[in-house]
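To find a chain, count down the sequence lines: A is the first, B the second, and so on, and within it residues start at 1.
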Protein chains: 2
Amino acid sequence: MGSHFESCERLLEPLRKLLGIRQLALQRAQHGNELSTSGTGLLSELVHGGESRASELAHNRVVDTSVVSRQLGQLEQEGLIERRPDPTDRRVSLLRATERGRAALEERERQKARWLSEVVLSEWDESRLTELDGLLRALSDDLLTASRQLLTNPEDAAKEGNR
Amino acid sequence: MGSHFESCERLLEPLRKLLGIRQLALQRAQHGNELSTSGTGLLSELVHGGESRASELAHNRVVDTSVVSRQLGQLEQEGLIERRPDPTDRRVSLLRATERGRAALEERERQKARWLSEVVLSEWDESRLTELDGLLRALSDDLLTASRQLLTNPEDAAKEGNR
DNA sequence: TATTCCTTTGGTTGGTACAACCAACCATAA
DNA sequence: TTATGGTTGGTTGTACCAACCAAAGGAATA
């Protein structure tokens, strides 16, 4: 019963609170600009990660390909991304953000960063922010990889949890 | 253009990743026990926070009262919570977890904490976990209060963002 | 003082939107 | 022929808003 477990137990509460915040609530508040709420994450991935195929995006976000497919369709209609056929495999399309997409994302990120900086985290000093950043990156990475793993081989439940 | 803003800008990425993880993905994976996925947060609030009225719960979670209302209905049907009329105001019901509810929540939390401890955060040492815990609590608090504020008086957009 | 409005507030219910899943399906690769 | 990338159909869960009811809390009047 190491206290590592207990520390994780304590973590549940803030974690639940944090994950419970649907992006929606925040994004809906930051209304006003184009850019359909949902696809933002995808668009961001494309802008920062460069040209990708749909399946990559789905894998990164740990979400069904069908979800990505529809979101991409919407983004494309809005002219925020464009596709071109992959020359080496005609089943796949390569996706990238358009200039408009890039601009829209930048605008939204600026807005959000300002809200964070001026309202949410105004009391936080530099060093604390840096610390948070580091831990958050590590956490989200570990959480995402663990989720992926869970999703692909769910024999994890054989841990005793089911019996 | 203080670097406080820039730090917040950097934070956007891990934050988006983290918040993008719908609780669903995690909870669905941890299947097997009773306890409908959705109400877990509510139930937790009741167990840890004691008897409350519905509006309090909605406020805490920053969610519409109608949502809470339905989730409570479900939890009640499953016998995980119970209501009693507030003696001082017959419009409101006071809610609390039943013994079964308490047990179900505990079971689920144990499961999740184990997953965290053994899979997600197995590489993290004590001190890092403690740090994370502190920062996460502070962050979720600040984020929640800021969201509440945004929700109630949306004249925040008068920041220039809309013009 | 007691009674009758009017407004506010806590909660529920109906309708709708959206994001996610799974399953079925095409087209292209191997 | 089988496997894979992607799309589409159908379903579910969660959220919002608007409309509503019942109870409270004043304010105005008898």
What is the distance, rounded to the nearest whole Å, between atom CG of A:Leu94 and atom P of D:dG6?
9 Å

Roughly how many Å is it from CG in B:Leu42 to P in D:dT14, rounded to a whole number?
11 Å

Side chain to side chain donor-acceptor pair (under 3.5 Å) with B:Glu131: which residues, sequence neighbours excluded?
none

D:dG13, OP1 or OP2 - any side-chain N/O from B:Gln71 closer than 4.0 Å?
no

Do the side chains of A:Arg84 and A:Glu51 get close enough for a salt bridge, i.e. N-O under 4.0 angstrom?
yes

Side-chain (B:Glu126) to main-chain (A:His4) donor-acceptor, under 3.5 angstrom
yes

Find the distance A:Asp64:CG to C:dA24:C1' and express it as a whole number of Å.
13 Å

Whole-Å distance between C:dA29 C1' and A:Asp86 CG?
12 Å

With a 4.0 Å limit, can you tell me whether B:Ser69 has a side-chain N or O closer than that to the phosphate oxygens OP1/OP2 of C:dG11?
no

What pair of heavy atoms forms the shortest contact from B:Leu80 to B:Ala104, and how long is it?
CD2-CB, 4.2 Å

Rounded to the nearest Å, what distance is computed from the CD atom of residue B:Gln77 to the P atom of nucleotide C:dT12?
13 Å

B:Arg84 CZ to C:dG10 C1', straight-line distance once rounded to whole Å:
17 Å

Under 4.0 Å from OP1 or OP2 of D:dG6: is there any side-chain N or O of A:Ser55 that close?
yes

Side-chain contact check for A:Arg91: nearest option of D:dT14, D:dG6, C:dT28 is C:dT28

Taking C:dC21, C:dG10, D:dG5 as options, the one with an atom nearest any side-chain atom of A:Val67 is C:dC21

For B:Arg90, is there an ion pair with B:Asp86 - N to carboxylate O distance below 4.0 angstrom?
no

Taking the nucleotide of DNA chain C with the closest heavy atom to each, which residue, B:Arg53 or A:Gly39, is nearer the 5' end?
B:Arg53

What's the CG-P distance between A:Leu19 and D:dA15, to the nearest Å?
13 Å

Is the closest basic N to carboxylate O distance between B:Glu13 and B:Lys17 below 4.0 Å?
yes

Give a yes/no answer on whether the side chain of B:Arg83 brings an N or O atom under 4.0 Å of OP1 or OP2 in C:dT12.
yes

Can you find an N or O donor on one side and an acceptor on the other, under 3.5 Å apart, linking the side chain of A:Arg90 with the base of C:dT28?
no

Going by side chain to side chain donor-acceptor pair (under 3.5 Å), name the residues that satisfy it together with A:Ser55, two or more places apart in sequence or in a different chain.
none

Can you find an N or O donor on one side and an acceptor on the other, under 3.5 Å apart, linking the side chain of A:Arg70 with the base of D:dG6?
no

Numerically ordered, the residues 44-52 of chain B set in heavy-atom contact under 4.0 Å with DNA chain D is none

Pick base, sugar-phosphate or nothing for A:Val63, based on heavy-atom distances below 4.0 Å to the nucleic acid.
sugar-phosphate

Is B:Arg137 salt-bridged to B:Asp141, going by a charged N under 4.0 Å from an acidic O?
no

B:Arg61 atom CZ is separated from D:dA15 atom P, nearest whole Å, by 7 Å

